[in-house]
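Heads up: the structure comes next, in structure tokens.
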Amino acid sequence: MLKKDKRLLVGFEHADDAGVYKLSDEIALVQTLDFFTPIVDDPRTFGMIAAANALSDVYAMGAKPITALNIVAFPQDTLPKAIIGDILAGGLEKVHEAGALLLGGHTIDDTELKFGMAVTGIVHPNEVLTNSGARPGDLLVLTKPIGTGIINTAGKGGLAKPEHLEAAAATMTALNKTAAEAALSHGAHAMTDVTGFGLTGHLSEMLVASGVGAELDVHSVPLLDGTRDYAAMGLVPAGTRRNLEFCKCRFVDAKQVSPVDMDILNDAQTSGGLLVALTPDDAHALARDLQEAGETGAIVGRIIAEPKRKIVFKA
Ligand code: CO
Ligand code: CO
């Protein structure tokens, strides 16, 4: 049980991206951590992805990252030391790009390599952006294409084209900084990032927290090239299928969605984009700004009053 304390602005009751603790009337701390096993072969790229992914949960709260700590599990007897140096260098590069500082970290010996970060950010206590503010009539904007889980699975099987793996790595290493700043400037009502639970899972969390429903325009969801082909070949991670089992009780009109599209919509993402709910005018302006900045900004659905906590598929 969480201790009740008025300084705790966001705990884990609504599956938000990070915890928020009020230090004063002007400043609140935002804290999160994430780490995982390698999802790409190149150590530096893995470091960049893990850092971008950990930083993302601070951006998703409308906050600015200020400090980070490395979390490392490393098989000292079986892997060359240079590998960890490359991973850390990739992570540091992303921390600096975020305008934050790396303060240190901790390494343990482990049979399986793992890397991630604990990240701290700051935000004005009145400007915390949770997943509970979505209102009927809002449109939903997604800021990165979907498909990293499926493409990485194809990559592990040696079946992905190099250009598809490169594009997936480029989106996973990209910070959600620009998208978060643009979402804030357009008055976002609710925001979260799309990671392990997939688009449907993180949208579900927003709907539950906000007490609303959503229509999801299946064919408006931006995809990484190759995603549909690999999904049709059955190259779908176990986490994606678990997401489908977990989320399907929230689905309305799911029969019109093909099994391949369903796998894509539930695909477990790593370092995915932001999902933002905001008024139609603001949503169109945000999508346009992101596209002009060379980023993804796609309107993928809308918030509705009823049915509450359900995703209505529009094929
Ligand atoms: Co998150
Ligand atoms: Co996380």
Side-chain angles (χ1 to χ4, degrees), residues 15 36-37 39-40 53 131 139-169 171-172 192-208 212-275 277 296 298-304 306-315:
F36 41 69
T37 55
I39 46 163
V40 292
N53 179 75
N131 56 15
L139 295 184
L140 290 163
V141 177
L142 180 66
T143 72
K144 281 187 189 180
I146 295 290
T148 57
I150 288 164
I151 288 183
N152 290 335
T153 300
K156 279 182 187 156
L159 294 163
K161 290 184 182 161
E163 64 265 33
H164 292 161
L165 291 173
E166 272 166 36
T171 131
M172 291 187 288
T192 190
D193 60 349
V194 178
T195 53
F197 298 135
L199 178 58
T200 50
H202 292 282
L203 175 56
S204 293
E205 289 175 345
M206 184 183 283
L207 302 181
V208 170
V212 295
E215 288 175 355
L216 188 60
D217 296 325
V218 174
H219 300 295
S220 303
V221 176
L223 303 184
L224 284 162
D225 281 349
T227 301
R228 179 160 277 119
D229 295 338
Y230 301 132
M233 291 161 72
L235 300 168
V236 174
T240 294
R241 291 275 158 78
R242 279 196 298 273
N243 288 343
L244 174 58
E245 281 310 302
F246 187 77
C247 289
K248 66 182 183 190
C249 64
R250 304 207 176 278
F251 294 171
V252 177
D253 295 341
K255 280 207 186 71
Q256 54 183 321
V257 182
S258 73
V260 167
D261 280 332
M262 205 42 119
D263 280 337
I264 291 168
L265 296 173
N266 288 281
D267 189 34
Q269 302 299 284
T270 300
S271 190
L274 297 171
L275 181 66
T296 297
I299 293 171
V300 299
R302 65 197 58 77
I303 299 294
I304 51 180
E306 300 285 346
K308 289 194 200 317
R309 297 178 291 279
K310 300 276 189 194
I311 299 173
V312 182
F313 291 98
K314 298 279 165 189

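Predicted model, so just to flag it, every value in this text is computed and none were measured.
Considering every non-hydrogen atom in both Cys247 and Gly201, the closest pair reads SG-CA, 3.5 Å. Scanning all heavy atoms of the two residues, the minimum distance from His202 to Phe197 falls at NE2-N, 3.1 Å. Residues Ala268 and Gly239 share a closest heavy-atom pair of CB-C, 4.3 Å. Closest of all the heavy-atom pairs between Arg228 and Val260 is O-CG1, 4.0 Å. Closest approach of Ala154 and Leu235 over heavy atoms only: CB-CD1, 3.7 Å.
Around the CZ atom of Phe246, the shell of radius 6.0 Å holds no more than 12 heavy atoms that belong to other residues, nucleotides or ligands. Within a 6.0 Å sphere centred on CG of Asp225, other residues, nucleotides and ligands contribute 12 heavy atoms or fewer. Annotation for Lys310: atom NZ counts as buried by contact number, over 12 foreign heavy atoms lying within 6.0 Å.
Contact check for Ile264 versus Ile150: side-chain heavy atoms found under the 4.5 Å cut-off. Using a 4.5 Å heavy-atom threshold, the side chains of Val40 and Leu165 count as separate. Contact check for Asn53 versus Met172: no side-chain heavy atoms found under the 4.5 Å cut-off. Residues Arg250 and Leu207 are not in side-chain contact: their nearest non-hydrogen atoms beyond the backbone lie 4.5 Å or more apart. In this structure, Ile311 and Ser204 have side chains that are in contact, with non-hydrogen atoms separated by less than 4.5 Å. The closest side-chain heavy-atom distance from Arg242 to Asn266 is not below 4.5 Å. Thr148 is not listed as a side-chain neighbour of Ser271, based on a closest heavy-atom distance of 4.5 Å or more. Leu216 has its side chain out of reach of Phe251: every pair of non-hydrogen atoms, C-beta onward, lies at least 4.5 Å apart.
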*asked:* Using the rule given for salt bridge (charged side-chain N to carboxylate O under 4.0 Å, His left out), can you reason through Asp217 versus Arg302, listing the C-alpha separation, both sets of side-chain angles and the distance that settles it, and then say yes or no?
replied: CA-CA 8 Å; Asp217 296 325; Arg302 65 197 58 77; 3.3 Å; yes
*Test Thr296 against Leu142 for side-chain contact (heavy atoms from CB on, under 4.5 Å), laying out the working first.*
CA-CA 7 Å; Thr296 297; Leu142 180 66; 5.9 Å; no
*Kindly indicate, with the supporting measurements, whether the criterion side-chain contact (heavy atoms from CB on, under 4.5 Å) is fulfilled by Leu140 and Met206.*
CA-CA 11 Å; Leu140 290 163; Met206 184 183 283; 4.1 Å; yes
*Apply side-chain contact (heavy atoms from CB on, under 4.5 Å) to Phe313 and Leu265, showing your working.*
CA-CA 10 Å; Phe313 291 98; Leu265 296 173; 3.6 Å; yes
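From Tyr230, atom OH reaches atom CG of Asn152 across 11.0 Å, with rounding to the nearest 0.5 Å. For the atom pair Leu199 CG and Lys144 NZ, the distance stands at 14.0 Å (nearest 0.5 Å). The CG atom of Leu275 sits 11.0 Å away from the OG1 atom of Thr195 when rounded to the nearest 0.5 Å. Remark: Ile151 CD1 to Leu224 CG distance equals 4.5 Å, nearest 0.5 Å. Taken from NE2 in His164 to OG1 in Thr227, the straight-line distance is 8.0 Å, to the nearest 0.5 Å. With values rounded to the nearest 0.5 angstrom, Leu274 atom CG is found 4.0 Å from Thr143 atom OG1.
Thr240 and Asp267 share a side-chain donor-acceptor pair at under 3.5 Å.
Judged purely by atom type and a 3.5 angstrom limit, Asn243 uses its side chain to pair as donor or acceptor with the backbone of Gly196.
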